[in-house]
Amino acid sequence: METLRQLIEEAVIEGLVIVAGPEGATMDPLVRPTPDPKFGDYQSNVAMGLAKRLGRKPRAVAQALVDALDIADVCEPPEIAGPGFINFRLRPAYLAAQLGRVQADPRLGIPPVDRPWRTVVDFSSPNLAKEMHVGHLRSTIIGDAIARVLEFQGHDMLRLNHIGDWGTQFGMLVQYVRATQPDVLHHPERFRIDDLEAFYRQAKQRFDEDPEFADAARRAVVDLQSGEPVARRLWEVFCGESLRHARDIYDRLGIRIEDRGESFYNPMLPAVVEELRERGIARRAEGAVCVFLPGWKNREGEPLPIIIQKSDGAYNYDTTDLAAIRHRVQAERARRIIYVVDIRQRQHFEMVFQAARLAGFVSSDETAPAEVVLEHVGFGMVLGPDRRPFKTREGGTVKLKELLDEAVARAASVVEAAEDERRREMSPEQKAEIAAAVGLGAVKYFDLSHSLASDYVFDWETMLAMDGNTAPYMLYAYARVRSIGRRAGVDFDALPADLPLLLEHETEIALAKALLEFPGVLQQVSEELRPHVLTDYLYGLSRRFSAFYDRERGVRVIDAEPESVRHSRLRLCDLTARTLKLGLGLLGIAVVEQM
RNA sequence: GCCCUCGUAGCUCAGUGGAUAGAGCGCAGGUCUCCGGAACCUGAGGCGUAGGUUCAAUUCCUAUCGAGGGCACCA
């Protein structure tokens, strides 16, 4: 189904061809939502600019355009206002017919895309040998949401956990453990993630203080990369325990992701360097193999390269990321690769993407002639109340497990405080399910509802507030709608479908319009990769529903008469519930039937 | 020094080349014999500053001030 906006855009373009000739077909019809309902639902601003080019008066051009429009079944007759705005107001009969169709569609009017793209989403990416902490929260939540939206759109998704399981820090760890903790090799089962983390801290300290150890650690990286058995075995122990820990977190958050760490690309690194050298893209400088990209300078104003092989022979993350791009394009046939990584790494990705293009890694074969799309979805930091990076009171990192535990515990008391009598009959299991949905939902929703680039202050009170653009409010809104069905004694699924609804009251019409905006919102999110567009929409939808269901300003639903009106309104409730459930689900947030 | 991101209401955050810049919290007031009031409505209050492009700039460009971040062998 086309979005409402597309429908109007196409009509305006047809009008433009009539008014401005063939070139009208390539013009942007400048269709936007109106700033105020009194101007209708959508407006086209194309007449003002066109008038200038044609040397005619804007309102006359607008009138010519309106006369040429063929859109009577969708809109009321368009009106010209102000300097030359063309205002469109959707006809309730059209909305009613469209919504009838949406109701009969399990996908709520959103068909799968015609041409699915093989799409990689690279997200979460914790470092091994450390517990997952708040620094992994945003990538995990945002990446999951993006993958869910694109998957629902019909794309062929590959979710990759590009785990930091390689590199210098592992050299440190391997060197430290093989020198001081022989038990790890002989009794790996005795060591848990906290032990590894302690080893890592100690190793890091020695690395910083003891140059001899630092050299040994760098040599250990080479050992690892060349497959030396002890280093390799220790590494496997670290990975096994760390991945087990990460998997617990993912299960709890409902995240699906495939582990494919940096080490996966290790065998490909020499060939990548070789290829770049052969093609003259990379050369040796100061002992390292470098790719100098045009436009990049360091502090001293000298050319800034990316280093793909260090002077000691080891590879680094630039090499791995280039190898990953090549592998994802050539072996995985990716058409779009999305990196959900914090915004501080923007420069790194810009350079790697540029190098990958230079190297020809992103031009696929004749079956997909266009260049592979590489995108970095960068996001800001999670801050504490002091506006510094979020830490515990003691100054340590905030562990994800503890954060999630606290979220659920706080959610339980927030929900309990509402003192709804319905809760008296709930089982402890049901209460626990609600607390988990609200608590985990609150953390996710709060994160996703901020625009990506900005930092945000982690604030329990705001994210667990019952009012405003929060998960508790959204989940409440859903539970409330569902309860209407129960109270009305109807099975939403059994309501008559695929017939026009009866839309008369202004709140019914407003709700209907909001429901029909959903496909366009999802399309926007899948193009722009900005999840907060979806949270804003869902919040707006909930508010429209509240107005519709309001005692004073809205309409009666459960006791509405006659039966045809009651059914129509109940169908609006059903559509609201299904849209909320689907929308929240695409954000990775589970709903509950009661709160 | 160069580059990137961000400066919007008292606070927390949205938003747009177009008509009167939105929401939540807080504040002030109002509604309804109340289907889940965790509601609805009204009000006060804001685009860091200065230029430029444009029929139209809060949005694009430049400068400037402020905050954060990045800048070759860590990732």
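Note: hydrogens, waters and symmetry copies are ignored here, and every other heavy atom, side chains too, is used. Naming convention: chains lettered A, B, ... in sequence-line order (proteins, then strands); numbering from 1 in each chain.
- Both geometric conditions, a ring-centre gap below 5.5 Å and a plane tilt below 30°, are fulfilled for Tyr549(A) over the base of C35(B).
- Glu350(A) comes within contact range of no nucleotide atom at all, as no heavy-atom separation falls under 4.0 Å.
- Using a 4.0 Å heavy-atom criterion, one finds that Asp536(A) contacts the sugar-phosphate atoms exclusively.
- Checked against G36(B), C35(B), C71(B), the side chain of Val557(A) finds its nearest nucleotide in C35(B).
- When the C1' atom is used for both C71(B) and C13(B), the distance is 31 Å, rounded to whole Å.
- If you check every strand for non-hydrogen atoms under 4.0 Å, Glu300(A) touches nothing.
- Pair check for G17(B) finds none; no Watson-Crick or G-U wobble contact set falls under 3.5 Å.
- Note on Phe39(A): a base of the nucleic acid sits closer than 4.0 angstrom, heavy atoms only.
- Using the Watson-Crick or G-U wobble rule with both distances under 3.5 Å, A67(B) pairs with U5(B).
- Atom CZ in Phe85(A) sits roughly 14 Å away from atom P in G17(B) (whole-Å rounding).
- Rounded to whole Å, the P atom of G26(B) lies 15 Å from the corresponding atom of U12(B).
- OP1 and OP2 of U12(B) both lie 4.0 Å or more from every side-chain N or O belonging to Thr462(A).
- Between Phe349(A) and Tyr339(A), the gap from one ring centroid to the other is short of 6.0 Å.
- Spacing between G10(B) and G46(B) at atom C1', rounded to whole Å, works out to 11 Å.
- Thr470(A) comes within 4.0 angstrom of no nucleic acid atom, judged by non-hydrogen atoms across all strands.
- Using a 4.0 Å heavy-atom cutoff across all strands shown, His532(A) reaches sugar-phosphate atoms only and no base atom.
- Across all strands, Ser546(A) comes closer than 4.0 Å only to sugar-phosphate atoms, never to a base (heavy-atom distances).
- Between Tyr539(A) and the choices Tyr473(A), Tyr445(A), Phe545(A), the ring pair (Phe, Tyr, Trp, His ring centres under 6.0 Å) rule is met once, by Tyr473(A).
- Between Arg344(A) atom CZ and G70(B) atom C1' the separation is 10 Å, expressed in whole Å.
- Stacking of Tyr539(A) onto the six-membered ring of A23(B) is not present when judged by under 5.5 angstrom between centres and under 30° between planes.
- A salt bridge links Asp208(A) and Lys204(A); the closest N-O separation between the charged side-chain nitrogens and carboxylate oxygens is under 4.0 Å.
- Taking 4.0 Å as the cut-off between side-chain N and carboxylate O, Asp447(A) and Lys444(A) do not count as a salt-bridged pair.
- In Glu300(A), the CD atom is crowded: over 12 heavy atoms of neighbouring residues, nucleotides or ligands sit closer than 6.0 Å.
- Contact annotation for Asn87(A): base contact, defined as any heavy-atom pair under 4.0 Å involving a base atom.
- Across residues 130-143 of chain A, not one residue has a non-hydrogen atom less than 4.0 Å from an atom of RNA chain B.
- Among the atoms of the strands shown, base atoms are found under 4.0 Å from some heavy atom of Gln43(A).
- In this structure, NE2 of His505(A) is placed 12 Å from C1' of C40(B), rounded to the nearest angstrom.
- The six-membered or imidazole ring of His348(A) lies near that of Tyr317(A), with a centre-to-centre distance under 6.0 Å.
- Using a 4.0 Å cut-off between a side-chain N of Lys or Arg and a carboxylate O of Asp or Glu, Arg388(A) and Asp386(A) do not qualify as a salt bridge.
- Atom-to-atom, CD1 of Ile484(A) to P of C35(B) comes out at 11 Å; the value is rounded to the nearest Å.
- Look at the P atom in both A56(B) and A63(B): the space between them is 23 Å, to the nearest Å.
- Arg553(A) comes within 4.0 angstrom of sugar-phosphate atoms only, judged by non-hydrogen atoms across all strands, and of no base.
- When the nucleotides U5(B), G68(B), C13(B) are ranked by their closest atom to the side chain of Arg387(A), C13(B) comes out on top.
- Using a 5.5 Å limit on the distance between ring centres and a 30° limit on the angle between planes, the aromatic ring of Tyr476(A) does not count as stacked on the six-membered base ring of G36(B).
- Within 4.0 Å (heavy atoms only), Ala560(A) reaches no atom of the nucleic acid at all.
- Counting non-hydrogen atoms under 4.0 angstrom, Arg422(A) reaches a base of the nucleic acid.
- Ion pairing of Arg578(A) with Asp574(A) is present here, as a side-chain N (NZ or NE/NH1/NH2) and a carboxylate O approach within less than 4.0 Å.
- Taking the ring centroids of Phe446(A) and Tyr456(A), they lie under the 6.0 Å cut-off.
- Base-pair partner of C25(B): G10(B) (Watson-Crick or G-U wobble, both distances under 3.5 Å).
- Nucleotide A50(B) forms a Watson-Crick or G-U wobble pair with U62(B), both donor-acceptor distances falling under 3.5 Å.
- Residue contacts shown for Arg486(A) include a base, since a base heavy atom lies under 4.0 Å away.
- Under 4.0 Å is where a charged nitrogen must lie from a carboxylate oxygen, and between Arg566(A) and Glu563(A) at least one such pair does.
- Comparing G17(B), G36(B), G1(B) against the side chain of Arg299(A) picks out G1(B) as the nearest.
- At a threshold of 4.0 angstrom between heavy atoms, the contacts of Val415(A) with the nucleic acid are absent.
- Across all strands shown, U31(B) is found opposite A39(B) as a Watson-Crick or G-U wobble partner, with both distances under 3.5 Å.
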